[in-house]
Number of protein chains: 2
Amino acid sequence: MRMPARPQNVHQARLLRLLRDEGPRSRAELGDVVRLSRSKLAVELDRLVELGLVEGAGLAASRGGRRSGIVRLAPSLRFVAFDIGATSVDVAVTDGTLEVLGHVSEACDVRQGATAVLDRALDLLGKLRDEGLIPRVHGAGIGVPGPVSFRDGMPVVPPIMPGWDRFPVRDAIGAELGCPVLVDNDVNLMALGELHAGLARSVDDFLLVKIGTGIGCGIVVDSAIYRGVSGSAGDIGHIRIDDDGPMCACGNAGCLEAYFGGAALARDAEAVARSGESPQLAALLEAHGSLSGEHVAQAAAAGDPASVRIIREGGRHVGQVLAGLVSFFNPGLVIIAGGVAGLGHTLLAEIRSVVYRRSAPLATGNLPIVLSELAGAAGVVGGARLISDHVFSPPPDPRPA
Amino acid sequence: MRMPARPQNVHQARLLRLLRDEGPRSRAELGDVVRLSRSKLAVELDRLVELGLVEGAGLAASRGGRRSGIVRLAPSLRFVAFDIGATSVDVAVTDGTLEVLGHVSEACDVRQGATAVLDRALDLLGKLRDEGLIPRVHGAGIGVPGPVSFRDGMPVVPPIMPGWDRFPVRDAIGAELGCPVLVDNDVNLMALGELHAGLARSVDDFLLVKIGTGIGCGIVVDSAIYRGVSGSAGDIGHIRIDDDGPMCACGNAGCLEAYFGGAALARDAEAVARSGESPQLAALLEAHGSLSGEHVAQAAAAGDPASVRIIREGGRHVGQVLAGLVSFFNPGLVIIAGGVAGLGHTLLAEIRSVVYRRSAPLATGNLPIVLSELAGAAGVVGGARLISDHVFSPPPDPRPA
């Protein structure tokens, strides 16, 4: 199988990213942005057309002289994203501009192991293929719920993913699809999704805090994911809040996740339900046998004071950790996302209150703290963004000039 | 006054940085590294010689064919660094490879205000000039003990620098010296010093924690200072340790600096001296009228258990904050520096113990935590590195290719 075409130099790569992010553009407009002479630009665009990555799309309105030709990414370009969560798998296909053309999602326990889960994802991709959505795959981005060696394209000692440790996800899927593949942590992909299509579109340096079963953070520096030296950057779930706090699954006491996140929330909600403090939560517990963040949100919306208190306390603890990270990192934006973020504005208000009170004043002067507006799409858009950044890059080893 | 010469393109800039960091090299060796053809390399080097930035230095040993000419940075290149501290000013001059040729330091209270302190720094530079060390200044890097707007070249609301808020340090010194000038936070310059000449020479992503009167952190991402969106990144002195902790000068309770740093150390040492718990500290207090970190180090070295305890507790609190930052940032190295770092290995051992116990295991797998070995030189070497990176850069607005 022949690998799909790639740009041949830095100019072609830049043109492809521009057309991805800004949509169709006239040759004159592209010439203004990329600072190539007219003739050089024509050479590079012609080569991209020959490679099947770009095509003509009519003439632009005149800017005074001859009308300039409009170009766009080839409509047949396809990127694929797998967003593998603890309890779900999402598969999506996008065009070259990362518009989602098809998206399927189903429940799936990551603890079934790498082979079973990846087979299932490939099945779902087959469904999208059957719908005629995928003439050819130009690249695939894959997110998994644990630490990843980005360089090696595999999970490394992931705590909630038995059977995945050092499984060669990138190479296995690459061989299956015959295209470039990259693997990253799921929270990093959500951050890339926000960078591409969400509230962070014009922000170079920001944090995305995902509050789901666990709590993690995506760090974007200069419009790219910062992964740290061993790929574990953003692992904030076990930052200390109080040495005398509740025991955490990690063996230390008083970690953020011992106070908040899906697991702690279920524990606290069930305790409150059993204590008789909240008739609403007690009724939900009786009806469902167990409680989750959604039930707390539901009870809070129905006016249950105990549920509102649980949410507020959770927000306070997230805020205590985030305040320190904001002082340290001085981001331009903080986005709160993930299932528990569904607790909404009560949670957000408490996080904001603590961060604005406790962070360095210079760091919060112009700092928005917001809820994600992308919901479930952030991960798959981020996966497509990750692999398209890679595919739309110049070759790694340029020849001497 | 004519501004000093600068490189004209990215190849020349790369060659200058190579010669700065690696020392004299043969044309053949440079050709291997920069991936230019022999003739293109010759053109760029000839141009750098014409500009007076580079010169020939004899012939290299043969690699089999004709002997290749050695080139080096012009020995007349000079960078100047001002390292302005809370209570001191350091002025140094380096050659093009950032070797310190002259370094003067004297006590100076930053609260005298910008004009008085900068005039004093210029006087000290005059001394070095009188020694014949400075044929011409090619650039100056300036560090100040507070937050800086790097873009504007001025301090912004610096808490311990009355009279400096928005003083145009860069432009004032630039006009005085007739060369490019950059201004940054003093902790950032120390981090750059470690990157250039210290333990971080081969580390892309690391943290430098300075424990002096206050506590700050320099953040290096991909071998460059990360400053955050408003220049306050690394401001870790007021990260929360415990809401019920001692009141901090900032108005919150339980900040890191309320527990440790020069001011808290003096407070705790004097309290211990007065309590009768430590005869050594009591004697030092009687002799000097007040106590500092140096006295605590002295008493600890003489075997005073109370002083050792104070140092250990300080290390524990630094470790508690640093553990969270290590989980978040996953650095390749942490360097402890600053006056209080003189407390030495007792302090370091306690910091290490807490970080290795409390940080995410993947983040500490290969993480060295070390004491700086540069002592007082880190700031001025960092200042020279900052401005040389700027001077040895291609022009900001390249012409169309």
Side-chain angles (χ1 to χ4, degrees), chain A residues 11 31 34-38 40-41 147 156-157 203-206 217 219 221-222 226-243 250 252 255-256 320-321 323-325 327-333 354 357-363 365-367 397-401, chain B residues 11 31 34-38 40-41 147 156-157 203-206 217 219 221-222 226-243 250 252 255-256 320-321 323-325 327-333 354 357-363 365-367 397-401:
Chain A
H11 303 300
V34 299
R35 302 188 146 269
L36 286 175
S37 67
R38 197 173 197 155
K40 268 225 167 187
L41 176 67
V156 181
V157 206
V203 186
D204 294 337
D205 306 313
F206 71 93
C217 182
I219 306 170
V221 174
D222 208 7
Y226 173 80
R227 297 184 176 85
V229 296
S230 44
S232 77
D235 191 353
I236 66 171
H238 300 279
I239 291 184
R240 164 194 173 278
I241 289 189
D242 187 342
D243 288 334
C250 76
N252 281 316
C255 302
L256 175 55
Q320 285 171 336
V321 167
L325 302 180
S327 293
F328 173 77
F329 185 70
N330 187 16
L333 173 68
V354 178
R357 189 173 69 243
R358 288 237 49 142
S359 296
L362 259 179
N366 293 302
L367 176 68
D397 194 11
R399 310 182 132 274
Chain B
H11 302 300
V34 298
R35 302 188 146 272
L36 285 175
S37 66
R38 196 176 196 150
K40 267 226 166 186
L41 176 67
V156 181
V157 206
V203 186
D204 293 338
D205 305 315
F206 71 92
C217 182
I219 306 170
V221 173
D222 208 8
Y226 173 80
R227 298 186 175 85
V229 296
S230 44
S232 77
D235 192 354
I236 66 170
H238 301 278
I239 290 185
R240 164 195 173 280
I241 289 188
D242 187 342
D243 288 334
C250 76
N252 280 315
C255 302
L256 176 55
Q320 285 171 336
V321 167
L325 301 180
S327 294
F328 172 78
F329 185 70
N330 187 16
L333 172 68
V354 177
R357 190 173 68 243
R358 287 238 50 143
S359 297
L362 259 178
N366 293 302
L367 176 69
D397 193 13
R399 313 185 129 273

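A, B, ... follow the sequence lines: proteins, then strands. Residue 1 opens every chain.
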* Asked: For A:L256, is it the side chain, the backbone, both, or neither that has a heavy atom closer than 4.5 Å to a heavy atom of chain B?
  -> neither
* What is the distance from atom CG of A:D235 to atom CG of B:N330, rounded to the nearest 0.5 Å? -> 9.0 Å
* Structure fact -> Highest number of heavy-atom pairs under 4.5 Å with chain B among A:L367, A:N366, A:V34, A:I241 belongs to A:I241
* Contact leader toward chain B among A:G228, A:G324, A:S232, where contacts are heavy-atom pairs under 4.5 Å -> A:S232
* State yes or no: are the ring centers of A:Y226 and B:Y226 separated by less than 6.0 Å? => no
* Proximity breakdown for B:C255 and chain A, heavy-atom pairs closer than 4.5 Å -> both
* For the residue pair B:D243 and A:Q320, establish whether any side-chain heavy-atom pair is separated by less than 4.5 Å. => yes
* Between chain B and each of A:I236, A:V157, A:D205, count heavy-atom pairs under 4.5 Å; write down the option with the most. => A:D205
* Region of A:A323 in contact with chain B, defined by heavy-atom distances below 4.5 Å -> neither
* Interchain contact, A:I219 with chain B, by part (heavy-atom threshold 4.5 Å) -> side chain
* Asked: Atom CZ of A:R357 and atom CZ of B:R240: how far apart are they, to the nearest 0.5 Å?
  -> 10.0 Å
* Atom pair CG/CG of A:L325 and B:L325 - distance to nearest 0.5 Å -> 7.0 Å
* Quick one: CZ on B:R358 to SG on A:C250, what's the gap to the nearest 0.5 Å? -> 6.5 Å
* Asked: Tell me, side chain or backbone of A:R227 under 4.5 Å from chain B's heavy atoms, or both, or neither?
  -> backbone
* Asked: Within the side chain of A:D242, is there an N or O that forms a donor-acceptor pair under 3.5 Å with the backbone of B:D242?
  -> no
* **Heavy-atom pair with the smallest gap, counting every atom of A:C217 and B:F328** => SG-CE1, 3.8 Å
* Structure fact -> Max heavy-atom pairs within cutoff under 4.5 Å with chain B, candidates A:G332, A:S230, A:P147, goes to A:S230
* Pick from B:G31, B:A363, B:S327, B:S359 with the largest number of heavy-atom pairs that fall under 4.5 Å of chain A -> B:S327
* Region of A:V156 that comes under 4.5 Å of a non-hydrogen atom in chain B -> both
* Structure fact -> In terms of heavy-atom contacts, B:V229 and A:P331 come closest through CG2-O, 3.4 Å
